[in-house]
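Hydrogens, waters and symmetry mates are skipped; everything else that's a heavy atom, side chains included, is used. Ligands are counted one by one from 1 in listed order, and the atoms in each one are counted from 1 as well.
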Amino acid sequence: MKKIQRLEMVDISKSFHGIPANKNINLHVESGEVLGLLGENGAGKTTLMNILYGLYQPDSGDIRINGKNIRIHNPLESISHGIGMVHQHFMLVQNHSVIENIALGYKDTPFFFPKVSIRKKVEAFSKEFNFSIDFEKKIWQLSAGEQQRVEIIKALLNGADVLILDEPTSVLTPQEIAELFSILEAMKKNGHMIIFISHKLDEITQICDRVTVLKKGEIVGHADTSDTDKKALARMMVGRDVIFNINKEKIERGKKVLTVDRVNILGDKGNMAVKDISFSLYRNEIFGIAGVAGNGQRELAETITGIREAESGEILISDKDITNKSPRHIYDEGVSHVPEERIRFGIAPGLHLYDNAILKQHHLDKFSKRMFIRYPRVKDHAKALVKDFKVAAHTINTEIKNLSGGNIQKLILGRETSDQPALLVASHPTYGLDVGATEYLRKQLLDLRRQGSAILLFSEDLEEIFELCDRVAVIFDGEFTGILDADDPRLCDIGMLMAGTKRIDIQDTP
Ligand SMILES: Nc1ncnc2c1ncn2[C@@H]1O[C@H](COP(=O)(O)OP(=O)(O)OP(=O)(O)O)[C@@H](O)[C@H]1O
Ligand SMILES: [Mg+2]
């Protein structure tokens, strides 16, 4: 029998600097249930769960376990009540092994032979919930999915009956998502309860029993997933119908913008992550790179934008060689970048929103004169970005880390697309965006294409790839297994191309 049979949040309210993030929220979960939390970027989902996990104190309202009010002052107390949380950005020690990380977070770690006793416990869990994990590997050697599993194990080991998952799937491959869902199903059967935050409506309808929708800090609806659908959920969340298919007009492509010629790139683990890749990209074209994460996409994007060096090969923008030049140099050649790891490479978390609105652009004449930043201009620019991209921020003077995940993403997208780049390198640009923002961004990318930009789009979302791209390259183990026009019927084999079990001869060499 689980300690927690029913968990309630009653009339919870929370404001930051007088601005409400949660208003009179009521929700409950029962043993064996998965509750979905849905809502636009900035709706208050993470804040609400941070309250449940003891990271924030509510201004008013109660948390009840089995009908009894409890107070949660910090995560340790929340864990001791049986509530665990896996954050979107994992909190593991990169240089420690799996077993060391688990021992570090375990409240009952014994003094003698800690690894032996913990290993036994974890092995019991992995049998029960049907997953495998290599105890001796260091965290940095693990994929995102494996790291997430370590976080889940830590929560289970600490006796979590309630598991909160904040956008758990945005960094996972489709295979890893399937594995996560099978773990969650097993936990459900076992009487655990799960609160699952996601922007992906397919996932919500697949894994959740019920869903609660937030908008601007308030609950705007509840639904049983068995009698609702994607469209209805999107409407509840956004307040209007959302188009799930956008029409791309046919456009003649223009001059060549990017040439990648026989490029080889080393990965973090010393392996060759990108092997002899060649392609070119033209004005008015969106070129998609599809593939399962971890097949060289990140390394390729980083090398084109100057964050990582190529071992050999050449990269040209128009006719200029930019191989292994600095990010700033490459930026000045007209290359913008929406990176995969946004918090690490996309923003300076402790700076103001307005500073972040001009990262890499502060030296441009329009923003500085001699050595001085022209703050009035910078602030006007920041205000315009916030307005155009509907960034939910109450003031541009706030530190950017106070924005919700999706709103940070919107600001980066606005910054990187506002100057009509010659080339936009966009890695998973819609990760973490709500459906309305996703729709807006996709239209924005098509606008850039119409206006003459070349766009290199890395995505695992095949729907996104087919909706936007003119040509699609499929990458597997650092090599292209095909480059095809988006309307080529042979793309129906994209699954096999992504798995590397099929290859189509590549005609596109520069
Ligand atoms: N520490 C903080 N200081 C000031 N404002 C904050 C803080 N934390 C959250 N907020 C504000 O509270 C609101 C809700 O943010 P929250 O992160 O809960 O949204 P969310 O629903 O999780 O959005 P997303 O889907 O983008 O992750 C936002 O306007 C955010 O800027
Ligand atoms: Mg959030």
Side-chain angles (χ1 to χ4, degrees), residues 9 12-25 27 35-59 61 85-91 164-171 195-201 203-204 211-221 233-234 236-239 242 342-343 346-347 349-354 356-357 382 385-387 389-414 428-441:
M9 297 185 86
I12 297 279
S13 295
K14 171 79 183 170
S15 300
F16 295 103
H17 316 293
I19 298 155
N22 289 149
K23 283 183 256 180
N24 300 102
I25 305 279
L27 57 80
L35 173 70
L37 261 193
L38 193 61
E40 293 179 289
N41 297 128
K45 306 177 294 293
T46 300
T47 303
L48 187 65
M49 290 303 108
N50 281 342
I51 290 173
L52 187 54
Y53 193 54
L55 283 167
Y56 291 149
Q57 290 303 306
D59 299 336
M85 179 160 179
V86 177
H87 289 270
Q88 193 172 0
H89 303 283
F90 305 133
M91 298 180 170
I164 306 164
L165 298 167
D166 193 353
E167 294 187 43
T169 58
S170 53
V171 291
I195 304 180
F196 183 92
I197 302 178
S198 176
H199 290 293
K200 298 186 194 163
L201 302 173
E203 293 175 357
I204 295 269
V211 52
T212 290
V213 183
L214 292 180
K215 191 174 169 70
K216 300 206 167 102
E218 289 179 275
I219 290 185
V220 290
L233 287 174
M236 208 189 281
M237 182 166 73
V238 185
V242 178
R342 328 208 191 279
I343 306 296
I347 56 163
L351 294 186
H352 296 111
L353 185 157
Y354 61 77
N356 276 282
L385 283 185
V386 164
K387 183 161 167 279
F389 275 78
K390 301 193 180 68
V391 178
H394 294 284
T395 151
I396 57 164
N397 299 322
T398 186
E399 286 175 23
I400 192 151
K401 64 177 180 211
N402 290 338
L403 261 54
S404 81
N407 282 300
I408 292 178
Q409 169 70 347
K410 288 193 210 172
L411 187 81
I412 297 175
L413 289 162
H428 314 290
T430 54
Y431 269 6
L433 292 188
D434 63 50
V435 286
T438 298
E439 181 192 24
Y440 178 75
L441 175 81

Between CG of N22 and CG of L48, what distance do you get to the nearest 0.5 Å? 4.5 Å
Which ligand 1 atoms, with their elements, are less than 4.0 angstrom from a heavy-atom of G405? 26 (O), 27 (O)
Identify, for atom 17 (O) of ligand 1, the protein heavy atom at the shortest distance, and state residue, atom and that distance. S404 CB, 3.3 Å
When every non-hydrogen atom of K45 is compared with those of L38, the smallest separation belongs to CD-C, 3.8 Å
Note the single closest protein heavy atom to atom 28 (C) of ligand 1, along with its residue, its atom name and the distance in Å. G42 O, 4.1 Å
Numbering the atoms of ligand 1 from 1, which are under 4.0 Å from a heavy atom of E167? 25 (O), 27 (O)
Please confirm whether K45 comes within less than 3.5 Å of ligand 1 when only nitrogen or oxygen atoms on both sides are compared. yes
Are I412 and I347 close enough, and set up right, to give a side-chain contact (heavy atoms from CB on, under 4.5 Å), and what steps lead you there? CA-CA 8 Å; I412 297 175; I347 56 163; 3.8 Å; yes
Is there an N/O/S atom in T46 that lies less than 2.8 Å from the Mg ion (ligand 2)? yes
Polar side-chain atom of K390 near backbone of A437 as donor-acceptor pair, under 3.5 Å: no
Kindly indicate, with the supporting measurements, whether the criterion side-chain contact (heavy atoms from CB on, under 4.5 Å) is fulfilled by M49 and H87. CA-CA 10 Å; M49 290 303 108; H87 289 270; over 6 Å; no
Pairing donors with acceptors under 3.5 angstrom, does anything connect the side chains of T46 and D166? yes
Considering only protein heavy atoms, which is closest to atom 12 (O) of ligand 1, and at what distance to one decimal place? A21 CB, 3.5 Å
Of all the non-hydrogen atoms in the protein, which one sits nearest to atom 9 (C) of ligand 1, and at what distance? F16 CE1, 3.5 Å
Run the numbers for me: atoms of ligand 1, each under 4.0 Å from some heavy atom of L403, listed by number. 31 (O)
Note: ligand 1 atoms sitting under 4.0 Å from heavy atoms of H199 are 25 (O)
Return yes if some donor-acceptor pair links the side-chain N/O of N50 with the main-chain N/O of L55 below 3.5 Å, else return no. no
Hey, is the main chain of L37 close enough, under 3.5 Å, to the side chain of T212 for a donor-acceptor pair? no
Report yes if N402 has an N/O atom closer than 3.5 Å to an N/O atom of ligand 1; otherwise report no. yes
Starting from the C-alpha separation in whole Å, work towards a yes-or-no answer on side-chain contact (heavy atoms from CB on, under 4.5 Å) for V238 and E40. CA-CA 7 Å; V238 185; E40 293 179 289; 4.0 Å; yes
Should A43 be listed as contacting ligand 1, given a heavy-atom distance under 4.0 Å as the test? yes
Enumerate the atoms of ligand 1 whose separation from the nearest heavy atom of Y56 is less than 4.0 angstrom. 1 (N), 8 (N)
Scanning both residues in full, the closest heavy-atom pair of L433 with N41 reads CA-OD1, 3.6 Å
Without swapping roles, check the side chain of D59 against the backbone of S15 for a donor-acceptor pair under 3.5 Å. yes
Distance from atom 15 (O) of ligand 1 to nearest protein heavy atom, with residue and atom: T47 OG1, 3.6 Å
Heavy-atom contacts with N41 under 4.0 Å: which atoms of ligand 1 show up? List them by number with element. 23 (O), 24 (P), 25 (O), 26 (O)
Would you check the N or O atoms of G432, main chain and side chain alike, for any that come under 3.5 Å of an N or O of ligand 1? no
Starting from atom 22 (O) of ligand 1, locate the nearest protein heavy atom and write down its residue, its atom name and how far away it is, to 0.1 Å. T46 OG1, 2.7 Å
